[in-house]
Amino acid sequence: MSTLTDSLNACEKNCSVFENAIRTLDIPTCSVFLKSGLLAPVTFVETGETLSTKDSETVDQAFSQSVNSSKNKVLTADGVNTSPLKGKRVAVLFSGGPAAGGHNVVVGIKRILGNDNTLLGVKAGPKGLLDGDLFEITNADIAKITNTGGFDYLGSDRTKIKTDEQFAKVKETCVRHNLDAIVVIGGDDSNTNAAILAEKLYSGVKADGSGVQVIGVPKTIDGDLQIGSHLPISFGFDTATKIYAELVGNILQDTPSSRKYWHFIKLMGRSASHVALEVGLQTKPAITLISEEIAQKRLSLSEIVEQISVIIIERAKKGINHGAVLIPEGVIEFIPEMTALIEDLNDKLAHFTRELEGKTISEKRDFVATKLKAEHAQLMASLPDYMEEMLLADRDSHGNLQVSLIPTERLLIDMVGRRIKEKDHSVKFNTQNHFFGYEGRCGAPTLFDAAYTYNLGLTAGSLILTGRTGYIASIANLDKGGTPLALPLTGLLNVERRHGQDEMVIEKALVKTNSPAFQYFDSRRKDWAESDQFASPGPRQLWGPSAKQLPITVALNQGYDGLLFDF
Ligand code: FBP
């Protein structure tokens with residue numbers, strides 16, 4: 001065998017030249033963790049701020065132990081913890097969809113716990129916690145996963161822990177593995193679950209009457225877990241949007257080269273349009289739809305189609321028969337007539353579960369059509385078969401419509417194509433459709449996500465070593481050294497109507513049309529629509545001048561002076 005084939009073989013199992021290099025990359029660390037000259041856990045003090053929502057009174061009653069303890073006060077890292085707790089057994093799990101940087105949260109927790117404590121990995125997410133499927137994380141494992149993408153080291157799932165039987169199983173796992181703490185790395189729903197677990201496990205779990213601490217870490221590529229200046233963004237958003245922006249930038253560069261296609265690109269991100277807005281700001285295509293604006297202006301599907309068609313026709317008049325339309329994954333849920341149809345559908349699917357069991361999609365469609373309100377049945381029947389099928393598909397374990405399965409980009413191409421023909425037969429309208437989603441979730445983290453997650457891990461671990469429970473870790477002031485914070489989870493809970501009943505949940509943060517990021521986008525989009533003004537941000541960089549670049553939406557919304565993070 002040649003030297004070349006030897007070195008090619010050596011790249012197998014996540015050992016490409018790139019992966020080996022990033023494992024040894026230095027991870028920027030907030031100075032408070034290095035105050036003693038060595039990496040050390042920190043203590044926390046109250047900032048003086050209290051978190052609350054419109055439903056705090058109700059929440060405070062339901063979560064009395066957690067609230068009594070935290071008083072819903074925000075904590076900030078103070079100084080070196082010179083007497084950290086020792087002998088702690090801590091379990092860590094991923095929950096929900098993957099997001100780049102998850103492995104570095106584990107790395108951060110392990111490093112801050114040091115050799116005086118034990119870190120256990122929960123296999124396959126919350127389900128693994130129920131099954132008691134845990135293993136000890138070693139320093140050798142940490143060396144392998146540092147700065148790598150994916151959640152494959154532990155695995156993940158979307159099990160929601162909500163029944164008494166499930167809570168009993170979690171307690172069994174805590175006792176069997178003698179756990180002192182659990183770290184839940186997840187999105188809004190998973191951190192809601194962390195808040196509930198913190199309350200349920202507050203005391204009386206172990207024979208001596210003690211409880212198990214629960215700390216959350218904010219993860220999701222969707223970017224919809226953010227709380228003003230307290231929690232600028234969830235991890236994974238930066239990597240996902242930079243990956244999508246590279247792909248969109250490349251496509252945009254292709255459009256005036258081949259001069260024949262309009263690309264309709266759906267971007268993952270579930271309900272919120274943070275991903276679409278960020279990618280739009282990075283690449284500046286002709287059209288970026290923002291679901292929240294559509295809902296606010298109460299635009300109908302046909303009005304959206306009209307607006308897109310007008311831009312395409314106007315560009316065609318200037319000889320520009322190409323461009324791109326960015327479409328947020330969840331847009332369909334924000335179009336008022338579709339929202340009403342989906343609500344009615346959710347209701348009927350939940351109400352007639354037994355009757356619908358075992359039915360084929362077309363039988364389901366016929367059955368549901370007789371139960372929907374007349375105007376909804378009519379709208380449903382007007383949609384192409386592929387849309388009907390997806391609207392009828394099973395909801396996920398949190399009861400969400402699986403928006404990633406809905407081919408909105410195809411629907412818009414079909415409808416816009418028809419409208420353009422009606423308006424001006426001479427316009428050339430050749431299309432390509434894309435969905436960028438899964439390719440953005442597991443790439444190697446950007447330098448920001450690598451650093452952010454590592455520091456979130458250091459913060460979560462430090463909270464455990466001070467005996468705290470019921471907090472979500474955060475890093476604020478990303479442009480000025482990074483400030484580790486602990487936010488009381490109960491201070492984030494609202495009452496929302498879900499599946500026909502009131503539930504206390506962390507609200508999804510949607511794009512605000514009065515936010516600096518949206519306002520900037522709004523001030524530029526007319527020019528981007530009229531002629532090509534696009535930019536190609538290129539591949540994400542771990543070294544060099546753009547390596548420390550933050551998401552544009554984060555920098556604008558946080559009011560930073562520049563685009564770079566600084567820690
Ligand atoms: P999380 O909210 O769990 O982080 O998941 C985000 C996400 O990637 C969404 O953007 C997308 O709609 C969904 O997961 C897809 O889910 P699945 O992995 O189950 O197909």
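We're numbering straight along the sequence, starting at 1. Every number for a ligand or one of its atoms is a count from 1 in the order of the listing. What's counted below: heavy atoms across the whole structure, side chains too, no hydrogens, waters or symmetry copies.
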Quick one: closest heavy-atom pair of Ile472 and Leu225, and the distance?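 Scanning both residues, the minimum pair turns out to be CD1-CD2, 4.2 Å.
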Report all N/O contacts between ligand 1 and the protein shorter than 3.5 Å as a table of atom names and distances to 0.1 Å; if there are none, say 'none'.
| from | atom 1 | to | atom 2 | distance (Å) |
| --- | --- | --- | --- | --- |
| ligand 1 | 2 (O) | Thr220 | OG1 | 3.4 |
| ligand 1 | 3 (O) | Gly97 | N | 2.8 |
| ligand 1 | 3 (O) | Arg158 | NH1 | 2.9 |
| ligand 1 | 3 (O) | Lys219 | NZ | 3.2 |
| ligand 1 | 4 (O) | Lys219 | NZ | 3.0 |
| ligand 1 | 4 (O) | Thr220 | OG1 | 2.9 |
| ligand 1 | 5 (O) | Arg158 | NH2 | 3.2 |
| ligand 1 | 8 (O) | Arg441 | NH1 | 2.9 |
| ligand 1 | 10 (O) | Asp222 | OD1 | 2.6 |
| ligand 1 | 10 (O) | Gly269 | N | 3.4 |
| ligand 1 | 12 (O) | Glu329 | OE1 | 2.8 |
| ligand 1 | 12 (O) | Glu329 | OE2 | 3.4 |
| ligand 1 | 14 (O) | Arg158 | NH2 | 2.9 |
| ligand 1 | 14 (O) | Arg441 | NH1 | 3.3 |
| ligand 1 | 16 (O) | Arg158 | NH2 | 3.0 |
| ligand 1 | 18 (O) | Arg441 | NH1 | 3.0 |
| ligand 1 | 18 (O) | Arg441 | NH2 | 3.1 |
| ligand 1 | 19 (O) | Arg158 | NE | 3.2 |
| ligand 1 | 20 (O) | Tyr438 | OH | 2.6 |

List, one per line, each side-chain donor-acceptor pair under 3.5 Å for residues 452-461, sequence neighbours excluded.
| from | atom 1 | to | atom 2 | distance (Å) |
| --- | --- | --- | --- | --- |
| Tyr452 | OH | Ile233 | O | 2.5 |
| Thr453 | OG1 | Gly101 | O | 3.2 |
| Thr453 | OG1 | Asp449 | O | 2.5 |
| Thr453 | OG1 | Ala450 | O | 3.0 |
| Tyr454 | OH | Arg111 | NH1 | 3.4 |
| Asn455 | OD1 | Cys30 | N | 2.9 |
| Asn455 | ND2 | Pro28 | O | 3.0 |
| Asn455 | ND2 | Ala451 | O | 2.6 |
| Thr459 | OG1 | Asn455 | O | 2.7 |

Taking the inter-plane angle between the rings of Phe94 and Phe151 on a 0 to 90° scale, is it parallel (under 30°), tilted (30 to 60°) or perpendicular (over 60°)?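 The rings of Phe94 and Phe151 lie parallel, inter-plane angle below 30°.
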Any salt bridge between Arg497 and Asp502, counting N to O under 4.0 Å?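 Judged by the 4.0 Å cut-off on N to carboxylate O distance, Arg497 and Asp502 do form a salt bridge.
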Modelled atom types, side-chain donor and acceptor of Ser300 and Glu303, under 3.5 Å: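 Their side chains do contain a donor-acceptor pair, which is all the 3.5 Å distance test asks for.
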Measure from NZ or CZ of Lys123 to the centre of the six-membered ring of Phe135, then state whether that distance is under 6.0 Å and the direction lies within 45° of the axis.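 Lys123 over Phe135 ring: yes.
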